[in-house]
Amino acid sequence: QVQLVESGGGLVQAGDSLRLSCAASGRTFSTYAMGWFRQAPGKERDFVATITASGGATTYADSVVGRFTISRDNTQNTLYLQMNSLKPEDTAVYYCAAGRVASTTASPYNIWGQGTQVTVSS
């Protein structure tokens with residue numbers, strides 16, 4: 001089974017960029033659809049972006065369209081989230097997740113990372 005470890009979070013100013021990475025262990029990464037979710041303090045975990053196992057299709061939350069890009073490198077067992085034009089409302093813990101279906105809801109994902117904090121100051 002795949003295990004996931006996120007990295008790349010930090011404290012940035014509004015308008016800055018960050019790239020999150022999600023490193024997967026195991027030899028089956030390329031068979032999983034992957035997603036990014038985020039959770040702000042006191043709020044539910046929200047969908048951010050998802051990508052199919054092959055990387056051929058992506059879907060984004062409306063709030064990040066045009067600013068965030070999800071990608072994956074199946075040769076390196078790594079998922080990425082490039083975040084540009086960051087806003088204070090993007091502040092949250094960001095989680096990567098693996099599942100058999102690329103979904104905008106959390107329930108199909110059965111493997112989760114521990115999360116990485118992103119804080120955007122105004």
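Taking all atoms of both residues into account, the shortest heavy-atom contact from Y60 to T69 is OH-CA, 3.3 Å. Residues V48 and F68 approach most closely at CG1-CD2, 3.8 Å, considering heavy atoms. The two residues A102 and A33 come nearest to each other via the heavy atoms N-CB, 3.3 Å. For the pair T28 and V2, the tightest heavy-atom approach, listed with the atom from each and the gap, is OG1-CG2, 3.3 Å.
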- Task: Kindly indicate, with the supporting measurements, whether the criterion side chain to side chain contact (heavy atoms under 4.5 Å, CB included) is fulfilled by L4 and M34.
- Result: CA-CA 11 Å; L4 306 174; M34 299 295 296; 4.0 Å; yes
- Task: Would you please test L79 and I70 for side chain to side chain contact (heavy atoms under 4.5 Å, CB included) and show each step?
- Result: CA-CA 8 Å; L79 175 74; I70 188 172; 3.9 Å; yes
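The distance from the CG atom of L20 to the OG1 atom of T78 is 13.0 Å, given to the nearest 0.5 Å. To the nearest 0.5 Å, atom OG1 of residue T119 and atom CD of residue Q117 are 4.0 Å apart. Once rounded to the nearest 0.5 Å, the distance linking OG of S30 with CZ of R72 reads 7.5 Å. Taking CD of E6 as the reference point, atom CH2 of W36 lies at 5.5 Å (rounded to 0.5 Å). Here the OG atom belonging to S121 is positioned 10.5 Å from the CG atom belonging to L86, to the nearest 0.5 angstrom. Remark: L11 CG to L18 CG distance equals 9.0 Å, nearest 0.5 Å.
Within 6.0 Å of the CD atom in Q39, the count of heavy atoms belonging to other residues, nucleotides or ligands exceeds 12.
A cation-pi contact, defined as under 6.0 Å to the ring centre and within 45° of the axis, links R100 to Y32.
Residues meeting the salt bridge (Lys or Arg N to Asp or Glu O under 4.0 Å) test with R38, sequence neighbours left out: D90.
Looking only at side-chain heavy atoms (C-beta outward), R45 and V93 stay at 4.5 Å or farther from each other.
Residues L81 and V64 share a hydrophobic cluster, clusters being chains of Ile/Leu/Val/Met/Phe/Trp/Tyr side chains in contact below 4.5 Å.
Less than 6.0 angstrom separates the ring centroid of F37 from the ring centroid of Y109.
Ring geometry, W112 versus Y95: the interplanar angle exceeds 60°, so the pair is classed perpendicular (tilted spans 30 to 60°).
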